[in-house]
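Report on the following structure.
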Amino acid sequence: QLDLASSHRTSSLSDSDHALEMPELPRSVSEVVSLLQKRFARQLLFTDEALRSAKNASFDDAYTTWRLLWSVGTVLYQLHFEREQESGSIKNTFKDKTGFEIAMSEGRQTKRGKKLRQIRQQTVNGKPIEFRAHVKYGGKRPREVLRVYYHADHEMRKLIIGHCGDHLENYSSRKLK
């Protein structure tokens, strides 16, 4: 039986609630990002590069993408902005609560390589940011790997997402080519 009272309540929903009204589930990294950037507009800011990398991602598990980004918008946000903790504590607590791993930085050789550092640099609101911290999922095959590079901006009180997609080139992967 149709509940008419609940159908009338949708007119009073906020914009973020409307973002979750969808005729079908998202099927790609890009579709998940599109929905969750609206849902977590107060917590997350996706750069143009993050949106581009999501659109071009080889990873095709929308369910895992949803879980990972939901964890970023909730647990990781709380760890960065609602508790005082050291980086190691954020890394361990996030893994304990979500099962997803975080690397708080890049390896020494990657940080030394000018080209590799440039891949991780963007300007956001006129401020240069180097995205080193990243949430990791998967192994080595592109269709099984998702990386979400972020920066915790304490002025804005947001996690700025600079990349959401395939593994970025690093010193080790560059040596394999």
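Not measured: the values here are computed from a predicted model.
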Which atom of [X] lies closest to which atom of [Y], heavy atoms considered:
{"X": "S71", "Y": "F94", "value": "O-CE1, 3.6 Å"}
{"X": "Y149", "Y": "H134", "value": "CE2-ND1, 3.4 Å"}
{"X": "T98", "Y": "R67", "value": "O-NH2, 4.5 Å"}
{"X": "M156", "Y": "D153", "value": "N-OD1, 2.8 Å"}
{"X": "E31", "Y": "S28", "value": "N-OG, 3.1 Å"}
{"X": "T47", "Y": "F131", "value": "CG2-CZ, 4.3 Å"}

Which value, rounded to the nearest 0.5 Å, describes the distance between [X] atom [atom1] and [Y] atom [atom2]?
{"X": "Q121", "Y": "E49", "atom1": "CD", "atom2": "CD", "result": "13.0 Å"}
{"X": "H151", "Y": "I160", "atom1": "NE2", "atom2": "CD1", "result": "5.5 Å"}
{"X": "L36", "Y": "K38", "atom1": "CG", "atom2": "NZ", "result": "10.5 Å"}
{"X": "L44", "Y": "R39", "atom1": "CG", "atom2": "CZ", "result": "10.0 Å"}
{"X": "T74", "Y": "K97", "atom1": "OG1", "atom2": "NZ", "result": "9.5 Å"}
{"X": "H163", "Y": "L146", "atom1": "NE2", "atom2": "CG", "result": "8.0 Å"}

Under a 3.5 Å distance rule, please check whether [X] uses its side chain to pair with a backbone N or O of [Y] as donor and acceptor.
{"X": "S30", "Y": "A54", "value": "no"}
{"X": "T123", "Y": "G126", "value": "no"}
{"X": "T64", "Y": "D61", "value": "no"}
{"X": "K158", "Y": "A41", "value": "yes"}
{"X": "R147", "Y": "Y137", "value": "yes"}
{"X": "D166", "Y": "A57", "value": "no"}

- For side chain to side chain contact (heavy atoms under 4.5 Å, CB included), just list the numbers for L45 and I161, CA-CA rounded to whole Å, side-chain angles, deciding distance to a tenth of an Å, and then say yes or no. CA-CA 6 Å; L45 172 67; I161 309 300; over 6 Å; no
- Aromatic plane relationship, W70 with F40 - under 30° parallel, 30 to 60° tilted, over 60° perpendicular: perpendicular
- Task: Mind telling me whether F81 and Y77 have parallel, tilted or perpendicular rings, with 30° and 60° as the class edges?
- Result: tilted
- Is there a path of hydrophobic side-chain contacts, each under 4.5 Å between heavy atoms of I, L, V, M, F, W or Y residues, that connects M104 with F100? yes
- Task: Evaluate the criterion side chain to side chain contact (heavy atoms under 4.5 Å, CB included) for residue pair V145 and F59; output intermediate values, then yes/no.
- Result: CA-CA 6 Å; V145 172; F59 189 71; 5.6 Å; no
- Task: Run the salt-bridge test on E24 and R27 with the 4.0 Å N-O cut-off and return the result as yes or no.
- Result: yes
- Does the side chain to side chain contact (heavy atoms under 4.5 Å, CB included) test come out yes or no for C164 and V29, once each step is laid out? CA-CA 8 Å; C164 183; V29 172; 3.9 Å; yes
- Please say which of E82, R42, Q43, H80 ends up in a side-chain contact (heavy atoms from CB on, under 4.5 Å) with R157. E82
- How about K127: does its NZ atom have over 12 heavy atoms from other parts shown lying under 6.0 Å from it? yes
- Would you please test L76 and I90 for side chain to side chain contact (heavy atoms under 4.5 Å, CB included) and show each step? CA-CA 8 Å; L76 189 57; I90 288 173; 3.8 Å; yes
- Message: Taking the side chain as everything from C-beta on, heavy atoms only, tell me whether L69 gets closer than 4.5 Å to V148.
- Response: yes
